[in-house]
Amino acid sequence: MSDHGEQTSEHQPTFRYSATLAQDIELRWQDRWDADGTFEAPNPAGPLADAGRLADYGDKLFVLDMFPYPSGAGLHVGHPLGYIGTDVYSRFKRMTGHNVLYTMGFDAFGLPAEQYAVQTGQHPAITTDANVANMRRQLRRLGLSHDRRRSISTTDPEYYRWTQWIFTQIFNAWYDTEQERARPIAELIDEFASWRRATPDGTPWDALSPDARRRMIDDHRLAYVSDAPVNWCPGLGTVVANEEVTADGRSDRGNFPVFKRNMRQWMMRITAYADRLIDDLDLLDWSDAIITMQRNWIGRSHGARVDFASAVGPITVFTTRPDTLFGATFMVLAPEHPLVDQLTTADQADAVADYRRQAAAKKDADRQDDTREKSGVPTGSTATNPLTGEEIPVWIADYVLMGYGTGAIMAVPCGDQRDFEFARRFGLPIPAIQEPPATWFAERDIEPSLDTATWPEAFVGDAPYVNSANASLVLDGVGSVNEGKAMTTAWLAEHGLGEPTVTYKLRDWLFSRQRYWGEPFPIVYDDAGNPYPLPDSMLPVQLPDTDSFSPRTFDADDEFSNPESPLDRLTEWVNVTLDLGDGPKTYRRDTNVMPQWAGSCWYELRYLDPTNADRFVDPSVEQYWMGPRTDVRPDHPGGVDLYVGGVEHAVLHLLYARFWHKVLYDLGHLSSKEPYARLFNQGYILANAFKDERGIYVDAFSVTEADGHWYHDGNEVTREWGKMGKSLKNAVSPDEMYDAYGADTLRLYEMAMGPLDASRPWETRDVVGMYRFLQRLWRTMVDESTGRSIVSDDVADEETRRLLHRTIDIVRTEMDALRFNTAIAKLIELNNHVTKVVNANGSAPREVAEAMTLMAAPLVPHIAEELWSLLGHDDSLARHPFPVADPALLLDDEVEIPVQIRGKVKARIMVPADADEALITSIALADDKVIAALEGADPSTLRKVIVVPGRMVNLVP
RNA sequence: GCGGGCGUGGCGGAACUGGCAGACGCGCAGGAUUUAGGUUCCUGUUCUUCGGAGUGUGGGUUCGAGUCCCACCGCCCGCACCA
């Protein structure tokens, strides 16, 4: 960076806006903002209340960044893109009369922090604290207008005390499917005990043993211990959630193999909220892309449950196409289906056992390999198609998944591509039950026929049914799938063989991890292994200090290893004597920790009331900052006004946080139904990365270009795009930019590069453009040799005033819409014009200089504060009203409009701004160029004249 | 395969509900300042055979299309045997 730095030399004027001067200005204002508490946002109640400032600052606005992991590598210039965006927006909103809550915390628990600590051999608490301190320094140097009083770290016991408290709330809650909300578990016990609610198996409450009662209650809790298939990752030494497993069956952290194993683990009943998590997406101002991803992840399908009679009892399937039931010619069960043992006949026993063993040995990854050739074996048994009465064979195959629907399907080979392939492979019959339209055959280049042997694939869509009738249900001739579904479902319900039902892809959330660096569970077990939540008075359960924080990991492929939590080893901590209300007893602590997502499920709520020792957040404070805003829309769900972050959290953090928020809402702790009313996904900063012939990344900053090729140490290297980062050896640190140009230039460059939601390549050489602009802005108001203001009290000329007010008008609009790149372009245009005025007159008019300073302030706050002070103001401009355009100056008396002949621009004419069609036409027809372009055509015979007043004229001869 | 998004100068990107394509910045070229380089400033910069042509390709709607519709090509993202 040395060729960018050292801008000051003896040739330069003393008060030129150089990197050194910028640094001096920036550090000075950062200190002053802190000293004055400039960005502290008052609360309506509690320790941070300030009624006077609350009244002064205006409407509330909660602006939130996705908080970072404090990794050891520190920041590169890609990280703060979103933070700069939210800071500019927050500063703009303060100047337009808003009380803005804007702060930053640290998501410091979790695997990355722990792995870093393991690498360096230092306790995670020490490395985490150091990393947090370093990131705080780097972020402060950017001039972000955070309310520092509200900053939190998820690893602070005063914070995770409440994470644990929320866990006990969830543990002590159940989901009432009639009222469609979570309720305290005590109310369920009360309903069972008082006969208002029947117990699941009908046994009277009084007749149940205490253990049976406990089991029944525990089965209803929203946080529960379950012995179920989970994702075991030996390479990480822990189990992980479905959302943390990639499509090819590996961990998203570390890329280790993941195995399905039955283990006893904590689960959260997020599936109870599946419908609300989908339905409430309609209330959110989020991008369609993220909404679609959440909807797909939850995966709600409407269909029907159908019972097929068999010798061992009914086999229940789920189908989205009950209308095709007449075409069901066989059934397929997942290999793990519980009825397989009973269904398997003696002569199929060996084949079935073999197949099940193969399927079990396959990892998820192999089960969805690229060939996807169908495999399976018959069980030897049959079941009865309820519509046709036919006996159809029952197979097992691994293309049917135990984890979705009922783990069994009815196979309709003519109407489902997978069933079609399976039937072809094993020579099973494929009767047609719909007559596809002629176009379907034409597109596949075959003759229309109901003989499916000629079909290349299954038919899916609307078409008249054939061969679909029994004594009491006739679909033949019906042309609509929806109608067919309705008729079949009604028939099934009438005969007690099925009913409409809904199924989901979403599974319950695996919530425990066998690691050290996370929140301990606020749970202890008695001698019988029953869990007890700890009362509020015993929180927080502090993470015990130890040297052996490193988890036990295994050979990544050692499927049959078993997790060992680091906390298990700390026997003095694990075994405790507590009085939980019935006298002191010995208990064992839960030795799992929570997943890294726990702390980020509610951090925005703690920002609201960070020092409250009695509650996680004061209700009136939550109501003020996050309550529903019916002024925005009648069904506004409440929540953060603007949430900015990367798209990578589309289904992890954003789903979990919505779930917790809804539980807390149901239990009456919150007024907002959703945590994040508006979500904005910022893009990434990309950078070139270079690989040598071995495929190893080389230092991107020592690569040179010649004739369109790139060289490193004389060897040619290949270029590719990538996210900026250490692993690609292309990271640029913000510290380098501070030294070379200052923080304001870096901020301005990142905002000017392009729209905030687009990813864009970093080009260090482009940064100088914004630096030059700030130098020119400085020079329009400051004498470079004396450092004094050159602003005059002269009135600006008409042209300048009109340009100023047009600029104000546009900049306000663009900043409000987060389009900072275009706002910056307009400010540069204005400043370029003012530069000419200064060159001509020796000074800039005050009204222009002040407005320009205020407009630049959200983007480049340090230089703006300095200029504001040089212009004679004592106070910070942080809450000075943003300039307002004078409508009278937005309208010109005369405007230039283009004249088109047949849609091509041939001339430009000046017309009065309020000219009507007739006047514009006559002016256009009198123009020399127009007359020439019409080539003698008589104006009175024009076929068409289109006039858009104030915009353009189009003449068609 | 299914779903979503995007293709504009040498580069990053502008262009409101269809109405002057290429704002602003980088780079490049020329000039001024400077002993010189760098810095800073000024001017020019889509291509062009100077008629025009031009927003990935081909078609359509329209007085008028980067913008709307259809097909295709290319790139990016998500999901992936979900019954």
Side-chain angles (χ1 to χ4, degrees), chain A residues 3-4 6-9 11-13 16 18 247-248 287-293 295-297 299-301 303 317-321 324 332 334 367-369 372-374 397-401 403-412 415-419 421-422 503-505 647-648 650-651 708 721 748-749 752-755 758-770 772-773 775-776 779 784 810 813 817 819 821-829 832 835-836 839 896-905 907-908 942-948 950-956:
Chain A
D3 41 334
H4 297 291
E6 308 307 319
Q7 305 290 355
T8 40
S9 76
H11 300 298
Q12 280 199 0
R16 168 157 297 170
S18 64
D248 50 347
S287 74
D288 289 346
I290 301 276
I291 286 183
T292 305
M293 281 158 78
R295 201 167 266 141
N296 290 345
W297 187 263
R300 178 166 63 188
S301 298
V317 304
F318 171 74
T319 177
T320 55
R321 290 290 305 274
T324 63
V332 184
R367 214 158 142 163
Q368 359 181 300
D369 64 5
R372 284 188 193 170
E373 201 180 347
K374 295 288 180 290
D398 66 4
Y399 81 93
V400 175
L401 310 172
Y404 182 75
T406 62
I409 63 160
M410 64 179 209
V412 182
D416 182 284
Q417 186 56 25
R418 293 154 306 187
D419 299 344
E421 288 168 18
F422 193 83
T503 190
Y504 306 87
K505 282 197 260 180
V647 73
E648 71 271 20
V651 289
W721 271 142
L748 196 58
Y749 172 64
M753 292 166 85
S759 292
R760 47 286 193 40
W762 176 268
E763 286 288 355
T764 296
R765 72 177 186 189
D766 288 1
V767 179
V768 72
M770 292 303 112
R772 286 180 194 145
F773 164 57
Q775 287 185 322
R776 287 202 297 277
R779 206 157 35 230
E784 289 194 324
I810 296 175
T813 310
R819 288 192 294 260
N821 53 328
T822 47
I824 292 166
K826 292 298 167 191
L827 285 174
I828 293 174
E829 269 181 285
N832 286 348
T835 299
K836 294 195 182 84
N839 288 345
E896 189 190 68
I897 64 168
V899 183
Q900 302 176 346
I901 313 281
R902 290 191 199 83
K904 301 282 180 201
V905 177
R908 290 167 215 284
L942 286 171
R943 286 200 308 178
K944 217 162 200 177
V945 178
I946 292 112
V947 179
V948 183
R951 299 300 273 270
M952 46 70 66
V953 193
N954 191 9
L955 306 174
V956 185

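Chain naming here is simple, since letters A, B, ... match the order of the sequence lines and numbering starts at 1 in each. Keep in mind that what you see is a predicted model, and the values were worked out from it rather than measured.
Atom NZ of residue A/K826 and atom CZ of residue A/R819 lie 12.0 Å apart, to the nearest 0.5 angstrom. One distance of note links CE of A/M410 with CZ of A/R321; it measures 8.5 Å at 0.5 Å rounding. Atom CG of A/N296 sits about 12.0 Å away from atom CD1 of A/I291, to the nearest 0.5 Å. Interatomic distance, A/I946 CD1 to A/Q900 CD, rounded to the nearest 0.5 Å: 9.0 Å. Rounding to the nearest 0.5 angstrom, the gap separating the CG atom in A/D419 from the CD1 atom in A/I409 is 4.5 Å. The CZ atom of A/R295 sits 8.0 Å away from the CZ atom of A/R300 when rounded to the nearest 0.5 Å.
Remark: the separation of the P atoms in B/C28 and B/G38 is 11 Å, to the nearest Å. A distance of about 15 Å separates the P atoms of B/C20 and B/U55, rounded to the whole Å. B/G13 and B/G56 have their P atoms separated by 15 Å, with the value rounded to a whole Å. If you take atom C1' in B/C6 and the same atom in B/G44, they sit 33 Å apart, rounded to whole Å. Here the separation of B/U46 from B/C42, taken at their C1' atoms, is 23 Å to the nearest Å. Separation of the P atoms belonging to B/U8 and B/A14 is 11 Å when rounded to the nearest angstrom. Nucleotides B/G64 and B/A21 place their C1' atoms 14 Å apart, quoted to the nearest Å. For the C1' atoms, the distance linking B/G66 with B/U39 amounts to 40 Å, nearest Å.
Of the side-chain N and O atoms in A/R779, one or more sit less than 4.0 angstrom from OP1 or OP2 of B/C41. In terms of phosphate contacts, A/R295 brings no side-chain nitrogen or oxygen within less than 4.0 Å of OP1 or OP2 of B/G78. Contact check, A/Q775 against B/U40: a side-chain N or O comes under 4.0 Å of OP1 or OP2. Remark: A/R765 is not in phosphate contact with B/G27, judged by side-chain N or O atoms under 4.0 Å from OP1 or OP2. A close approach under 4.0 Å does occur between a side-chain nitrogen or oxygen of A/N832 and OP1 or OP2 of B/G25. Residue A/S301 has a polar side-chain atom (N or O) positioned under 4.0 Å from OP1 or OP2 of B/A83. Taking only side-chain nitrogens and oxygens, A/R819 never comes nearer than 4.0 Å to OP1 or OP2 of B/A15.
Distance CZ (A/R772) to C1' (B/G38): 12 Å, rounded to an integer number of Å. Separating the CZ atom of A/R760 from the P atom of B/G25 is a distance of 18 Å, rounded to the nearest angstrom. Rounded to whole Å, atom P of B/G19 lies 14 Å from atom CG of A/N954. Residue A/L827 contributes atom CG, which lies 11 Å from atom C1' of B/C24 at whole-angstrom precision. Atom P of nucleotide B/U62 and atom CD of A/Q900 are separated by 17 Å, given to the nearest angstrom. Rounded to whole Å, atom C1' of B/C11 lies 16 Å from atom CH2 of A/W762. In this entry the distance linking OH of A/Y399 with C1' of B/G1 reads 17 Å, nearest Å. Atom CG in A/D766 sits roughly 11 Å away from atom P in B/C28 (whole-Å rounding).
Looking at heavy-atom distances under 4.0 Å, A/V948 makes contact with a base. At a threshold of 4.0 angstrom between heavy atoms, the contacts of A/M952 include nucleobase atoms, whether or not backbone atoms are also involved. Note on A/S759: only backbone sugar-phosphate atoms sit closer than 4.0 angstrom, heavy atoms only; bases stay farther off.
Pair check for B/C72 finds B/G56; Watson-Crick or G-U wobble, both atom distances under 3.5 Å. Pair assignment for B/G30: B/C42, on the basis of Watson-Crick or G-U wobble contacts that are both within less than 3.5 Å. Pairing partner, B/A21: none, since no Watson-Crick or wobble contact has both distances short of 3.5 Å. Using Watson-Crick or G-U wobble geometry with both donor-acceptor distances under 3.5 Å, B/G66 finds no partner in any strand shown. Across all strands shown, B/A15 has no partner, as no Watson-Crick or G-U wobble contact with both distances under 3.5 Å is found. A 3.5 Å limit on both hydrogen-bonding distances identifies no Watson-Crick or G-U partner for B/G51. Pair assignment for B/G78 gives B/C2, based on Watson-Crick or G-U wobble hydrogen-bonding distances that are each under 3.5 Å.
Comparing B/C26, B/G25, B/U40 against the side chain of A/R16 picks out B/U40 as the nearest. For A/P761, whose side chain is taken as the heavy atoms from C-beta onward, the closest listed nucleotide among B/G25, B/G12, B/C63 is B/G12. Of the listed nucleotides (B/C79, B/C24, B/G25), B/C79 has the atom at the smallest distance from the side chain of A/K505. Residue A/I946 has its side chain nearest to B/G19 when only B/G27, B/G19, B/C20 are considered. Nearest to the side chain of A/V400, among B/C26, B/A83, B/A23, sits B/A83. Of the candidates B/C20, B/A83, B/C24, the closest approach to any side-chain atom of A/E829 belongs to B/C24. Closest to the side chain of A/Y404, from the set B/G19, B/A15, B/A83, is B/A83. With distances taken from any side-chain atom of A/I409 to the nucleotides B/A14, B/C20, B/A83, the minimum falls on B/A83. Of the listed nucleotides (B/G12, B/C20, B/C26), B/C20 has the atom at the smallest distance from the side chain of A/P898. In this structure, the nucleotide among B/G25, B/A14, B/G12 sitting nearest to the side chain of A/I828 is B/G25.
Take the nearest nucleotide of RNA chain B for A/G403 and for A/N821: the residue whose nucleotide is more 5' is A/N821. Between A/G407 and A/V647, the residue anchored nearer the 5' end of RNA chain B, judged by the nucleotide with its closest heavy atom, is A/V647.
For B/G51, the base adopts the syn conformation, since its glycosidic angle falls within 90 degrees of zero. The glycosidic torsion of B/G7 lies more than 90° away from 0, placing the base in the anti range.
The backbone N or O of A/E763 sits less than 3.5 Å from a side-chain atom of A/Y749, completing a donor-acceptor pair.
The neighbour count for A/N839 CG, taken as heavy atoms of other residues, nucleotides or ligands under 6.0 Å away, is above 12.
Judged by distance alone with a 3.5 Å cut-off, no donor-acceptor contact links the side chain of A/K826 to the base of B/C24.
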Exercise. Give the C-alpha distance, both sets of side-chain angles, the deciding distance and a yes or no for side-chain contact (heavy atoms from CB on, under 4.5 Å) between A/M770 and A/I828.
Key: CA-CA 9 Å; A/M770 292 303 112; A/I828 293 174; 4.0 Å; yes
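A tilted orientation is assigned to the rings of A/F422 and A/Y399, their planes being inclined by 30° to 60°.
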